[in-house]
Amino acid sequence: MTKKQKIMLGRILTAAVLLIVLHFLPVTGILRFILYMVPYLVIGYDILRKAWKGIKNRQVFDESFLMAIATVGAIGLALYDRSGDYTEAVAVMLFYQIGEWFQSYAVGKSRRNISDLMDIRPDYANIERDGKLVKTDPDEVEIGSIIVVQPGEKIPIDGIIAEGESTLNTSALTGESLPRDAHTGDAVISGCINMTGVLKIRTTKEFGESTVSKILDLVENASSRKSKSEDFISKFARIYTPAVCGAALLLAVLPPLANLFVLGQAAGWETWIYRALSFLVVSCPCALVVSIPLSFFAGIGGASKEGVLVKGSNYLETLSQTKIVVFDKTGTLTQGVFEVNGIHHSEIDHKKLVEYAALAESASSHPISKSLQRAYGKEIDRSRVTDIREISGNGVMAKVDGIEVAAGNDKLMDRLDIPYIECHSVGTIIHIAIDGRYAGHIVISDIVKPHSREAIRKLKQAGVVRTVMLTGDSRKVADQVAKELGIDEVYSELLPADKVEKVEMLLKNKAEKEKLAFVGDGINDAPVLGRADIGIAMGAMGSDAAIEAADVVLMDDDPLKIAKAIKISRKCLRIVYQNIVFAIGIKLLCLSLVALGLAGMWLAVFGDVGVMILAVLNAIRALFVKNL
C-alpha cells in the first residue's frame, strides 16, 4: 500500500467513526450542521477542490463535479427543510471515496504485479579492474567490454560468453520455467538470471539497445497506443457527462413546473431536486473510464508474463480479430539451423563418409559446410586437406589424406562423369565421390521446430481459418514442410519483395472484418511485418529490424505462443465488452429507478461504487492467463 493510499484509508476510517458518533449525539441546529461538516470535509475536501479547479479551468463535467454538486445540494436541501439530516450527504461522499480507494488499490496492485513480472532491469554491471569487480552503471559499458556476472545476478547487457558455463533462468523474459544451459561462445540476452557458474561476457550491444531495455520500453509505452474501445470510452465520457448533467437539470425543473402550471398541484421542488441530485451521483461513468484501460493494461501485463510483448492495446484488439496467419518458414517454423538428416547408399562407413565430406568442405563458411563439420563432431585437422578447389554452383574438390574427394550437387557428379543415385528425400543433397567412384550422398535440411505442428493445430482450434507459409526455399522443400505441419497454403521460391506482394494479395482477398497476421524473424521480413494487419516477430533470435517493425514480439521464438497470444487478446476483449455492457446497463437501470423515485441517493451511490468495484475486479482477470 502506498503512502497516499494509507492517508486516504485513514481519512475514510476517521470520517466513518465521526459519522457513527454523530448519529448518537443529541445535538440540533447550527451546532449539528457544524459537527457534520467535519467528517464531510475530512472525506471530501479533495473532491471539492478538484471540482472547483475544473470549474475555474472550464473543464466542468467530471465525476468530482457530479459528486460535489450532488452532496452540496443534499446539504442545501437539509438546511432548507430544517430536517438536520446531513448523514446522507456525508455517507454518499464516504462511499464514493471508499470506491476510489479500492480502485486505486486494485490498479496499483495490478501495476505492481506487472512490475514484478517484468523485474528485469539490471541495477549495475560488474567490470573487472585491477583484479577487483567494480559495479558500473550499465549505460556506461561500451560495446566489446568484458563484464562479469556472478551467480544470482541478472545479465545486464546482451553479449557472448567469453569464459565460463552456467544455467540461466529466462522466466522473466520468456515465461519458460525450465532453466537453460549456457556455454562459452553462446549468445546471451540481458534480463536472464545467472543461476550457477561465474560468466565473463563480451558485450555486443550498448545497454540502451539491449533486449532488457527494449522490453521495458515496449511495456512502458504500450498504454500510449489506445484501442478503438478505449477511444470509444473517451468520446463517450465527453458526451455522456454533460448530457446527464442536462438531464438532471431538466429532472429538477420540468416536473415541478408541470405540477404547478399543468396539474395545478404543489410544485414539490424538494422531491425533484433530490431525485436530480441522486441522478447525478449514479451517473458518474467511473466504472467505464477506469475498467476499460485497466483491462487492456492487465491483458498486456498477462501476455508479458508469458513471454509475449504486445506494443499497445490497439494491437491487442487487432490480434483478437485475427483469422489468417501467414508464416515465414526459416527461423519461424523451422530452427534455421541446417543439420545432417540422412546418409544414403553409402559404400563406406557412414562416419567415414561424413569425415571425408567435412574435411573437403573445411575451407568454406557456408551453412551447409558448417553442418557437415558439426556432424563430424571433431576438430578439423587442416593439415590433412590439400589441393582444395571450389567449383561455383557445383561443390568442392580436395585431397584428404592424399585421396581425391568430390563433394557437391548432381551438377558436380555430371561434370566429373560419375554415375550417382538420385535422392527422394527433401533437403540439400551432397553427393560424395572418392577416387572417382560414387560413395553415397548426405541429406542436409533445416529442422522443423518441435512445437510447430502443434502450433498450427492450436491456431485452428483458436479460430484461425487459414494458415499460409511464404519461403524462398525450393518448391519441393516448402511443400514437404507445409504437408508435415498441416499448413493450408504455401508459396515458395520467393524473394523478399515477392513476400510483400503475396501478403498484399492475401490482404486484398480477405473478408473486411478478418485480420491478417504475419509471423517472421529475419531482416528481410521487416517490410512484410509492417504491411500486415498485425506483425509478430520472433524476439529471442530475431533481428532488431524485425522486432522494431513488429506489433507483437515472442520472446522465446516458440510458435505455440502465437495461439496463446490470440487467446489472451480474446479474453481481454471479452472482459472489455462485458464491462461496457454491464456498466452501461446497470447505469441506465439505476438512472431510471432514481428518476422515477424508486431509488434514493443511498442506492445511487451503492450502484455507482458497486458497479465500479465489480468492473475493476473483472478487469484484473485479464492479468491471469497461465492456463489459456
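The structure displayed is predicted, hence computed values, not measured ones.
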- Query: So Val340 and Ile444, side chain to side chain contact (heavy atoms under 4.5 Å, CB included) or not? Walk me through it.
  - Reply: CA-CA 4 Å; Val340 171; Ile444 297 172; 4.1 Å; yes
- Message: Please evaluate residues Val490 and Val481 with respect to the criterion side chain to side chain contact (heavy atoms under 4.5 Å, CB included), reporting the C-alpha separation (whole Å), side-chain torsions for both, the decisive distance (0.1 Å), and the verdict.
- Response: CA-CA 9 Å; Val490 58; Val481 171; over 6 Å; no
- Message: Could you walk me through whether Lys571 and Arg574 satisfy the side chain to side chain contact (heavy atoms under 4.5 Å, CB included) test, starting with their C-alpha distance in whole Å, then the side-chain angles of each, then the deciding distance to 0.1 Å, before giving a yes or no?
- Response: CA-CA 5 Å; Lys571 178 181 179 179; Arg574 278 198 305 273; 3.7 Å; yes
- Chi angles and distances behind the side chain to side chain contact (heavy atoms under 4.5 Å, CB included) call for Asp181, Glu165: CA-CA 8 Å; Asp181 293 329; Glu165 295 184 353; over 6 Å; no
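Shortest non-hydrogen contact noted between Ala182 and Val188 is CB-CG1, 4.5 Å. Closest non-hydrogen pair, Ala622 versus Ile575, comes out as N-CD1, 3.5 Å. Nearest approach of Phe518 to Phe327, heavy atoms of both residues: CE1-C, 4.2 Å. Nearest heavy-atom pair across Gly299 and Ile568 is O-CG2, 3.8 Å. Across all non-hydrogen atoms, the minimal contact from Leu573 to Leu316 is CD2-O, 4.1 Å. Across Gln578 and Asn618, no two heavy atoms sit closer than the pair OE1-ND2, 3.1 Å.
Ionic pairing of Asp488 and Arg466 is not present here: no N-O contact between side-chain nitrogen and carboxylate oxygen is shorter than 4.0 angstrom. Classification of Lys564 and Asp558 as a salt-bridged pair fails, no side-chain N sitting under 4.0 Å from a carboxylate O.
A distance-only check finds no donor-acceptor pair linking the side chain of Lys460 to the backbone of Thr467 [under 3.5 Å]. With hydrogens and angles disregarded, a donor-acceptor distance shorter than 3.5 Å links the side chain of Asn579 to the backbone of Ala615. When atom types are taken as modelled, the side chain of Asp551 and the backbone of Tyr315 share no donor-acceptor pair closer than 3.5 angstrom. Here the side chain of Lys561 pairs a donor or acceptor atom with the backbone of Glu306 at under 3.5 angstrom. Without hydrogens or angle criteria, Ser320 side chain to Ser569 main chain gives no donor-acceptor distance under 3.5 Å. Panel note: side chain Asn194, backbone Gly197; a donor-acceptor pair is recorded below 3.5 Å.
Taken to the nearest 0.5 Å, the CG atom of Asp533 stands 11.0 Å off from the CG atom of Leu319. Once rounded to the nearest 0.5 Å, the distance linking CD of Glu422 with CE of Met413 reads 13.0 Å. Distance check, rounded to the nearest 0.5 Å: CG of Leu560 to NZ of Lys449 gives 10.5 Å. Separating the NZ atom in Lys515 from the CG atom in Leu507 is a distance of 9.5 Å, to the nearest 0.5 Å. In this structure, CG in Asp158 is found 10.5 Å from CD1 in Ile160, a value given to the nearest 0.5 Å. In this structure, the separation between OG on Ser492 and NZ on Lys329 is 10.5 Å, given to the nearest 0.5 Å.
In Glu206, the CD atom is not crowded: 12 or fewer heavy atoms of neighbouring residues, nucleotides or ligands sit closer than 6.0 Å. Annotation for Glu501: atom CD does not count as buried by contact number, only 12 or fewer foreign heavy atoms lying within 6.0 Å. For Arg621, the CZ atom counts as densely surrounded, since its 6.0 Å shell holds more than 12 non-hydrogen atoms of other residues, nucleotides or ligands.
With respect to Leu516, the side-chain contact (heavy atoms from CB on, under 4.5 Å) criterion is satisfied by exactly one of Val326, Thr322, Val325: Val326. Each of Val468, Leu333, Asp479 was evaluated against Ile487; a single residue qualifies, Leu333, per the side-chain contact (heavy atoms from CB on, under 4.5 Å) test.
His344 and His441 have perpendicular rings, their planes meeting at more than 60° on a 0 to 90° scale where under 30° would count as parallel.
When only modelled atom types and interatomic distance are considered, Ser166 and Thr196 share a side-chain donor-acceptor pair under 3.5 Å.
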